[in-house]
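Here is the structure we will look at.
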Amino acid sequence: MAGLDRTIRLPDGEAVPQFGLGTWRMGEARAKAAAELAALTAGLDRGVRAIDTAEMYGEGGAEEIAGQALAGRRDGIFVVSKVYPHNASRKGVAEACARSLKRLKTDRIDLYLLHWRGNHPLAETVAGFEALKKAGHIRHWGVSNFDTADMDDLIDAGGTACAANQVLYNLGRRSLETGLLAWCRKRRIPIMAYSPLEQGRLPKSPALAKIASANGATPAQIMLAWAARFPDVMVIPKATNPAHLAENIAAMDIALSDSDLAALDAGFPAPKRETPLDML
Ligand code: NAP
């Protein structure tokens with residue numbers, strides 16, 4: 001498969017798009033809303049089939065914009081949203097999910113994530129997620145910013161149905177390769193790589209520039225192609241600028257060669273010892 005047809009598999013075997021549209025920082029300023037909606041709409045028009053959002057982004061504003069972009073085309077789009085840790089009690093997740101559904105103007109969220117670990121017992125959050133799943137309000141649930149010890153605790157808390165872990169992963173942030181990636185692979189839990197472009201602060205690296213030029217691509221495209229080199233890693237870059245969006249979509253057509261990957265490894269080595277997960 002190539003381009004936007006590329007998929008990853010959830011633990012139950014469902015294939016979901018490997019590329020999605022990020023929405024952090026959207027919905028924060030009224031003056032930018034039209035451009036943000038235009039970017040999400042353009043992404044869907046071009047064939048992107050996943051959107052990542054959260055109740056936190058713009059305090060609901062990003063979900064509202066995503067809801068507008070999804071109007072009339074909800075089917076076939078994989079919608080991911082996240083609950084704040086302080087809302088992740090059994091009752092709290094139900095209430096937060098209802099608010100998110102309203103803003104997204106949909107009757108279901110495809111993947112609902114605990115945004116990061118908070119103070120509510122994981123067993124309560126899991127019970128809340130399972131109840132939402134049973135009621136059909138969400139189709140899958142997962143976590144975000146969970147390191148290996150958190151994942152162990154999640155399993156101990158009954159969270160064996162976790163469908164994904166969304167974490168910081170890009171060329172310069174490879175700590176997940178020292179433990180978490182292997183942990184997730186054992187259980188077939190895919191990774192969603194957030195900030196795959198380091199929030200636009202692209203590394204100034206001769207190795208990256210050289211490989212970009214050899215592939216007729218930009219450094220950002222190489223970063224995305226690199227993160228998406230694994231068939232169990234989804235990438236969710238955020239782009240409001242139409243040129244960025246077009247570039248990011250085209251990156252899914254780039255297949256890096258073994259020698260490209262070796263050169264990137266040399267320029268951006270993964271930590272040698274087990275290292276705590278990078279977080280923003
Ligand atoms: P990102 O996708 O790494 O970077 C976004 C920034 O890069 C924006 O400033 C964007 O500018 C710029 N950009 C986009 N495409 C570019 C390109 N081709 N060339 C140069 N610059 C480019 O950062 P992110 O938004 O933090 O992460 C992506 C998504 O992951 C988020 O939007 C959110 O959905 C999710 N996320 C989740 C968590 C979590 O805790 N679970 C944390 C962070 C992010 P323009 O907008 O001007 O185009």
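Below, each value reflects all heavy atoms present in this structure, side chains not excepted, and no hydrogens, waters or symmetry copies. One-based numbering, in listed order, for ligands and for the atoms of each.
Residues Glu130 and Trp141 have side chains that bring a donor and an acceptor to within less than 3.5 angstrom of each other.
Here Met223 contributes atom CE and Leu264 contributes atom CG; the two are 10.0 Å apart, rounded to the nearest 0.5 Å.
A parallel orientation is assigned to the rings of Tyr169 and Phe230, their planes being inclined by less than 30° (bins at 30° and 60°).
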Inset, instruction - Could you walk me through whether Glu63 and Ser100 pass the side chain to side chain donor-acceptor pair (under 3.5 Å) test, one step at a time? - result: CA-CA 7 Å; Glu63 286 183 327; Ser100 288; 2.8 Å; yes
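Using a 4.0 Å cut-off between charged side-chain N and carboxylate O, Asp12 and Arg139 make no salt bridge.
Summarising the geometry of Asp150 relative to Leu122, their closest heavy-atom pair is O-CD1, 4.3 Å, with the distance given to 0.1 Å.
Ordered by chain and residue number, the residues placing a heavy atom less than 4.0 Å from ligand 1 are Gly22, Thr23, Trp24, Asp52, Tyr57, Lys82, His115, Ser144, Asn145, Gln166, Tyr194, Ser195, Pro196, Leu197, Glu198, Gln199, Gly200, Ala220, Ile236, Pro237, Lys238, Ala239, Thr240, Asn241, His244, Glu247, Asn248, Leu280.
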